[in-house]
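Below: the structure, in structure tokens.
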Amino acid sequence: MSIDDVLETFKEAPVKGNVSSISKIIAAMLRRAKIRLNYKTWMIFDFANTLFMVFTYFLLSFIIMPQDIAKAGYGYSYFDFALVGIAISHFITAGLRSLAMTIRLEQFYGTLESVLSTPTDFVVLFMGDLLYYFLYSLVFLVIIIPTGIIMGSRIVINAGTILTMLVLLVLLVIANLPIGILSAAMVLKFKQGDPIGWALTWVNQLFGGTFFPITLLPGYLRIISLGLPLTYSLDAIRYSLIWGVTLLNSRVLYDSLILIIYALIGYPIAIKVFRVIYNNARREGKIGIY
Amino acid sequence: MSFEEFKETLSKEEKVLGLKGFLRRAWASWLYQMKIYVSYRMNLALDIIDIVLSALIYYYVSFLVSPSDLAKLGYAPDYIAFALSGIALSRYLWTTIARLARKMRHEISAGTFESLASIDYDNFKSWMTGQILYGATWSSSTFILTIAVGYLLGAAFTRSFIVWLQAIGIVILVVIVHVAIGIMATGMYIIHKQLETLLVLMTSIMEFFGGVIYPLALLWNYPILYYIALLLPFTHGLELFRRTIMDEKPLTDPLMLFHLGALLAFLPLLYIGLKVYDYYLMKAKKLGLLSSY
């Protein structure tokens, strides 16, 4: 083949395979799952840690005065309150940090440039990773909630509340994802671990009401809480599981609408910022640097 | 310069030998690690934010805790002091224990561990001493900051200098016992590679059974769990520390003497830890596993 022939082949349109985007997302999800499943010990310890956390808050609930929990509208059991917070904490990580973690890992192993050079859009690859983290978090939920019930939690589990919880969990991840995208953009730009995602995890734990109702915060700090999607997700999931109500309840519905608004406003901004940083990194040839 | 002259300069290189040389190398090992840490300003800032935010979480949880229930279980009715004393000590130990194993993992994955371990044994030991000292510096700073944030949030820790001296003595004793576990785990890490995850689990066990954020007396309702808790050195260390800085109890108090005796019983672990470490290091050298990860 002459040099001209070779040059000619570059001009041809790339051959598109018959693999659908859905199949690619599932393949990306399986790829991440296979990598993570290699670290079985780590996975077992992750579950064990969470169970220890459940036991710890179960014991702590014996010395908690339930008045403030009741005043916030979550019944009289601190254990129920904390159990829901612990059970969904992994979903927050999925929404906030999965994209940044994926980019950082690929950057560190020197594979990011190759991955982004393939004809498959990085959004597809990322969706696969996100799906993996979502399912992984779901396994936690499926283990933690029954454990809590065995230990005496009186949260209401029926077809209606399960369906409501699933919808709210999807909304939780979707509403937090724009922040996750911004965090990933920062990883791409500054080549640091994941400082924003990491800091936001703490901010969420403090202001989102994971371990105490936000009504305990003074007014000026509650403004921060009201700016976080997690506050609405936790409120809706807790309210639904504690009182056995579904999406049709006005409080749960209100929280869900706020989450949708977050997503609608957040995505265009986050994607725009990510694209600018991503394109700059490509132009400057800095994608592979870490 | 001819090759012969060059060789001559190598043989004339002056080495500082003995204890002075050892301390100088340990100091250098501590200093370079400190310089690396301080150069990551973002991480430094996030570490500080981490301490402040976690203290704030327990500050707000303290509004929910019943002071009379805490008093009924034998503690001063101040949950923020209770929780932050537990968090400060558990973090101190966690960072001290995990520090060496983490450093080892870093050197192994960066491919520099083989070179470090291949130098003469005294040099390697001084490097390791510097790393342990760095870990202690970092842990102590975290500890002091957590306690300082506690004071700012109104935790009723003791203000007596003499009582704090007793508390510092207890912390040193607790650290010595737990560093032994860290050294042992680091040695095992050289061969088994995944032991850092075990350290994470150990910390969770330690925090759960030690009663970091709940009073240990709540475990009386679950006798098996209570007896397991008594088998851990951390449980005794935390009880000693907490009752010192919250209740100003002297070491002559019968309850304090019981916990002190139990903690001292774990001291031989230090000797065992060093032996286990030496054994695994030599084994890894013989098997050529120093750089595999």
Side-chain angles (χ1 to χ4, degrees), chain A residues 38-69 71-72 78 81-82 85 108 186 190-218 221, chain B residues 40-43 45-47 49-73 75 77 79 82-83 86 109 192-219 221-222 225:
Chain A
N38 270 329
Y39 297 90
K40 288 189 190 72
T41 330
W42 176 252
M43 217 171 252
I44 292 166
F45 290 171
D46 201 9
F47 278 99
N49 278 337
T50 313
L51 286 177
F52 274 126
M53 210 170 168
V54 173
F55 294 143
T56 301
Y57 280 88
F58 167 71
L59 290 169
L60 184 64
S61 69
F62 287 113
I63 55 166
I64 295 273
M65 300 175 292
Q67 291 89 331
D68 283 309
I69 306 284
K71 229 186 277 175
Y78 179 70
F81 179 91
F108 191 74
M186 296 303 130
F190 297 113
K191 327 282 178 199
Q192 293 265 343
D194 176 21
I196 293 187
W198 189 85
L200 274 170
T201 307
W202 271 112
V203 169
N204 269 319
Q205 280 203 352
L206 176 61
F207 297 106
T210 310
F211 296 113
F212 59 86
I214 60 159
T215 46
L216 288 177
L217 291 167
L221 288 181
Chain B
Y40 286 93
R41 287 195 188 87
M42 175 79 99
N43 277 347
L46 286 174
D47 282 339
I49 292 169
D50 177 18
I51 292 166
V52 175
L53 290 186
S54 60
L56 277 173
I57 288 175
Y58 290 101
Y59 171 72
Y60 285 108
V61 170
S62 74
F63 292 129
L64 298 169
V65 173
S66 155
S68 59
D69 282 345
L70 206 56
K72 260 187 241 165
L73 294 167
Y75 295 93
Y79 184 73
F82 179 91
S109 61
H192 300 298
K193 312 299 175 193
Q194 278 206 11
L195 272 159
E196 204 202 345
T197 50
L198 182 65
L199 281 175
V200 175
L201 183 70
M202 267 174 52
T203 310
S204 297
I205 292 172
M206 200 164 83
E207 288 187 356
F208 172 69
F209 286 106
V212 170
I213 60 162
Y214 67 86
L216 196 64
L218 286 172
L219 283 182
N221 297 327
Y222 311 93
L225 298 181

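Chain identifiers are assigned alphabetically (A, B, ...) following the order of the sequence lines, protein sequences preceding nucleic acid strands; residue numbering begins at 1 within each chain. Model, not experiment: these values are computed from the prediction.
- Interface check for chain A: of the options B:Leu219, B:Leu56, B:Ile213, the most heavy-atom pairs under 4.5 Å are formed by B:Ile213.
- Checked against ring pair (Phe, Tyr, Trp, His ring centres under 6.0 Å), A:Phe58 has the following partners two or more places apart in sequence or in another chain: A:Phe62, A:Phe79.
- No part of A:Ile44 comes within reach of chain B, as not one of its non-hydrogen atoms sits under 4.5 angstrom from that chain.
- Residue B:Ile49: no heavy atom, backbone or side chain, is found under 4.5 Å from chain A.
- For B:Tyr214 and B:Phe82, the distance between ring centers is not under 6.0 angstrom.
- Only the side chain of B:Leu73 comes within less than 4.5 Å of a heavy atom of chain A; its backbone N, CA, C and O stay farther away.
- Using a 4.5 Å cut-off between heavy atoms, A:Ile214 makes no contact with chain B at all.
- Under the ring pair (Phe, Tyr, Trp, His ring centres under 6.0 Å) criterion, B:Tyr60 pairs with A:Phe212, B:Phe63, sequence neighbours left out.
- For B:Ser54, the parts lying under 4.5 angstrom from a heavy atom of chain A are both the backbone and the side chain.
- Ring geometry for A:Phe211 against A:Tyr57 counts as parallel: the plane angle stays under 30°, on a 0 to 90° scale with 60° as the upper cut.
- The two atoms that bring A:Ile63 and B:Pro215 nearest to each other are CD1-CD, 3.7 Å, heavy atoms only.
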